[in-house]
Amino acid sequence: MTEPRQIDFRQWHRLFQQVPDRLVEEIRYYRHLPQAEWSQYLFPPSTHVVYGNRLLRKLKFDNSQAALRLWGFVMSEGERIYRARQAGMKVIAVMGDLGAVTPLVYSFPNIVAFYPDCLWWTPFLMESRELFDEAGQLGLGEDCCFVRASLGAFSRKAYFPKPDLCVGTVGATCDDMATVMSEAEQLGVDIHYFELPHRHDGDTDKTALSGYLENQYQELCRRLEQATGETFSPDRFRETVQKVNRMRSLIAEIKDLSGAPAASPMGAVEMMNMEFAALSYYGDLDECLAVLTEFRDLMKFRANSGQGYQNQDLRLVWVTPPADPLLMNYIEELGGRVVGSEYLIHQTTPIIDTKKDPFEALAEAHLKATLMGSSAYRVNLVIEQVERTHADGVIISGVFGSSHCPYETAPIISALRQKGIPVLSFDVVAPGKRRLQSQIFNRMEAFSESLKARKKRRAG
Amino acid sequence: MDVITGFDRLEKHYLASESRPKVGYLCLRVSPEYIEACGADALRIAPRPGYDLSAFTPIRPDGCSFCRSVPAILETDVYRNLNAIIAGTCCDQMRRLMDTLNDLLDIPVILFGAPRTWNADPDYFRGEMIDAFGKIEEITGNAATETELLERIRVHNNLKNSVNHLRRQEKLPTALLQRISCSILPPEEILSFLSNSRDLPAIPAEIRLLLAGSIPGVWELDVIESNGSRVVADATCLGDRVFHRLTSEKGDPVQQLYQTYVEDNLCPHRRPVTSTIDYLKNLMDERQIDGVVYRSVKYCHPWGLLAERMKKELEAPLLIVDDDLTSPAVENFRTRVGAFTEMLKMKLRRRA
Ligand code: SF4
Ligand code: SF4
């Protein structure tokens, strides 16, 4: 295996010549469908640049085949959803729950789920404000989180096929997505609402709350039965959940490996893409498992053999996913490595109990959701990550105008400061705002310098 | 003495003499009847004259500007010595504001889950509401009996009927309506105040406006009504919406209060939002509205981000303005509202 390095899209273009054709043909999604060229996805990042993802020209990528496969799998999701529709599969848009209800959706046959929410990084990848402008015309401007891009996508009708069913979680989750939902309704989208009640951390009657969620899942199940014309099968559910659990364990294992003591075995952007696989499995659960398994094997090899990137010694926990992945590359260039994260998706981490009643098991897992409870719950998740990974510092990349960041940021910072953990907090800026972006870069530089000095002092 | 000054004086007098525990509540999902039945005075938390615009708030500037103002609002005289604060989960920011208050204050801050969707399982959410009021009962040492609850429902219904009647007759100015909505005065006192003021003349209005949007601040209404226009319908969080739904006096009073305040709540954070929009449309028809001033506070998601949709749905001249309760832009507001009402006047003249 080659020495781990971060390379740019041109270098990948050249390196890709060495990938055997056989492998390119072999790596494909929807393996249950007859072999077809369109289902191949192992391509260098330059291919995706051609489709408009211009930011890839500026990003750094891990030089392994496993990471390339992950990138290819992530970048082909949009196309895959269209293929699913062509192949007669049911397409379900899921919003606002970030990975909690998808195990149920995938337990129906011939179905695929996707999150319009995830289009929030599309304007960054495309270096284009088109989706934001479209959302702006429909009333969602800069005082709404970047997820407003998904409203632009609903309106443009060119980013995903018309879903057979939209499931929108509202309640104890962010209001930005709830607003996107109501605007999408105005565009004629029919939404099945899933009510997520507030979790009182500390004194909630967890049994009652779980019971309530069970009913929500049962109702959703009925809606899925209607949408698919299929009857819910507990056996199929168990089979699906076993795969989901395998994926969740893989993700946890990979996250642990990313903190390998010797050197950083993987790039932060790849790690984020890997973690977000837990949401809707990028539209193909089986293939996603294969992608992550190869990724885990590589990480294990690197971690066990002490291999990793040079000169990235500052151990960081990243809080709230940055819609702009360039920021992660930037901190890596400054000597940082991301060893832990709190990306608002804690609901995708519990192992779902396959011995319990399906709806009870789903409800129980859902109770771990990040945004469902108090800010203190999230503060604890961050602290847990910091302590588990022995982080030197924390970066919070906030979302301006979101319904939670303005409230949570202060308690997170104060809890970290009390523990003596340095923290840098900023809001990600929309594409095209160069001056603001450079201010963030300056702050990152200052932060990394101070962390380095601190480390040196501590080492005596 | 004008009616507003009279009302303010009455409230001040009551505050000086009150001896019962005082419970502050946020938003329309809390039943004041229930608080009163627990033996406390219910006091809606809303902007009051004199709150310190520059006071420290731990909420970032991109948080809802009402939420950001609440810590300063709680410092004003009316809210001194609160024994507890209670709210239902309405918008996400309100939910998080309660977290912030919990960290800041030494009094119990009680939050109960309330559904965003319609016809959500009442057993669960009613349980949430009952548990929350159970905590108020503990604080006051007074259990809300069925008899007491029914009595409070009856009195509040009387007040609502009276307010609605006067509003339809256009004898109750919006400024007074908003005062009543967040007053600590028990409904009995307000009713007697209103009946003593029955000779209120109908308010002439050249331009008839609907004011919709987030919770009003302390000066906007005066500005809006300063040049010949009248807010004859108020769909803000302190307006006609507070009084429109009567509570059934039959059956289990807790269930009936749940129905009125939790299930039937008409705020724009409910999904789908169509019922709220229909309410506004009906109000506009009923009060024969010439135009709508749609004012949201800065970074209020439920109202602010719904503005464009409202513009399309309400099919009436509509002015969208937003207003930062922590840094008011009065002149800008005045200019925009002034231009809007001038436009409406011209339109009416042309039509005439
Ligand atoms: S970042 Fe926060 S506000 Fe934005 S969509 Fe995600 S959860 Fe919602
Ligand atoms: S409804 Fe608007 S004004 Fe009221 S608390 Fe929520 S965000 Fe703030």
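This is a predicted model, so every value here is computed, not measured. Letters A, B, ... are given to chains in the order of the sequence lines, protein chains preceding strands, and every chain is numbered from 1.
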### Summary
Nearest heavy-atom contact between B:Arg309 and A:Ser182 is NH1-O, 2.8 Å

### Query
Between A:Asp175 (side chain) and B:Cys91 (backbone), is there a donor-acceptor pair under 3.5 Å?
no

#### Entry: Residue pair A:Tyr407 / B:Cys64: nearest heavy atoms and the distance that separates them
OH-N, 3.3 Å

### Close side-chain approach of A:Gln216 and B:Tyr124, heavy atoms under 4.5 Å
no

### Summary
Most contact-rich option vs chain B, by heavy-atom pairs under 4.5 angstrom, among A:Met181, A:Glu408, A:Gln137, A:Gln186, is A:Gln186

Show me the donor-acceptor pairs within less than 3.5 Å that the side chains of residues 299-307 of chain B make with the rest of the protein, sequence neighbours left out.
unit_1	atom_1	unit_2	atom_2	d
B:His301	NE2	A:Asp143	O	3.3
B:His301	NE2	A:Gly401	O	2.7

### Message
Contact between B:Glu128 and A:His200 at the side-chain level, heavy atoms closer than 4.5 Å - yes or no?
### Response
yes

### Query
In this structure, are over 12 heavy atoms from other groups packed under 6.0 Å from B:Lys281 atom NZ?
yes

#### Entry: Pick from B:Gln93, B:Lys298, B:Arg68 with the largest number of heavy-atom pairs that fall under 4.5 Å of chain A
B:Gln93

## Note on the structure
Here the pair of heavy atoms bringing B:Lys312 nearest to A:Leu138 is NZ-CD2, 4.2 Å

### Task
Determine which residues belonging to residues 110-118 of chain B lie within contact range of chain A, meaning some heavy atom pair is under 4.5 Å apart, and list them by number or answer 'none'.
B:Leu111, B:Phe112, B:Gly113, B:Ala114, B:Pro115, B:Arg116, B:Thr117

### Query
Based on non-hydrogen pairs under 4.5 Å, which of A:Gly141, A:Ala410, A:Ser374 is most in contact with chain B?
A:Ser374

### Message
Looking only at heavy atoms and a cut-off of under 4.5 Å, which of A:Pro411, A:Gly139, A:Ala172, A:Pro197 has the most pairs with chain B?
### Response
A:Ala172

### Query
Taking the side chain from B:Arg271 and the backbone from A:Ala178, do they hold a donor-acceptor pair closer than 3.5 Å?
yes

### Message
Just verifying a value: how many Å separate B:His269 NE2 and A:Ser403 OG, rounded to the nearest 0.5 Å?
### Response
13.0 Å

### Task
Taking the side chain as every heavy atom from C-beta outward, state whether B:Asp62 and A:Asp427 have any pair of such atoms under 4.5 Å apart.
yes

### Message
Among B:Asp131, B:Leu97, B:Asp121, which residue has the highest count of heavy-atom pairs closer than 4.5 Å to chain A?
### Response
B:Asp121

#### Entry: Winner by heavy-atom pair count (cut-off under 4.5 Å) against chain A, out of B:Glu313, B:Lys311, B:Met98, B:Arg96
B:Arg96

### Message
Given A:Ser375, which partner from the list B:Asp103, B:Thr100, B:Asp99, B:Asn102 fulfils the side-chain contact (heavy atoms from CB on, under 4.5 Å) test?
### Response
B:Asp99

### Query
If you take all heavy atoms of A:Thr173 and B:Arg95, which pair is closest and at what distance?
N-NH2, 3.7 Å

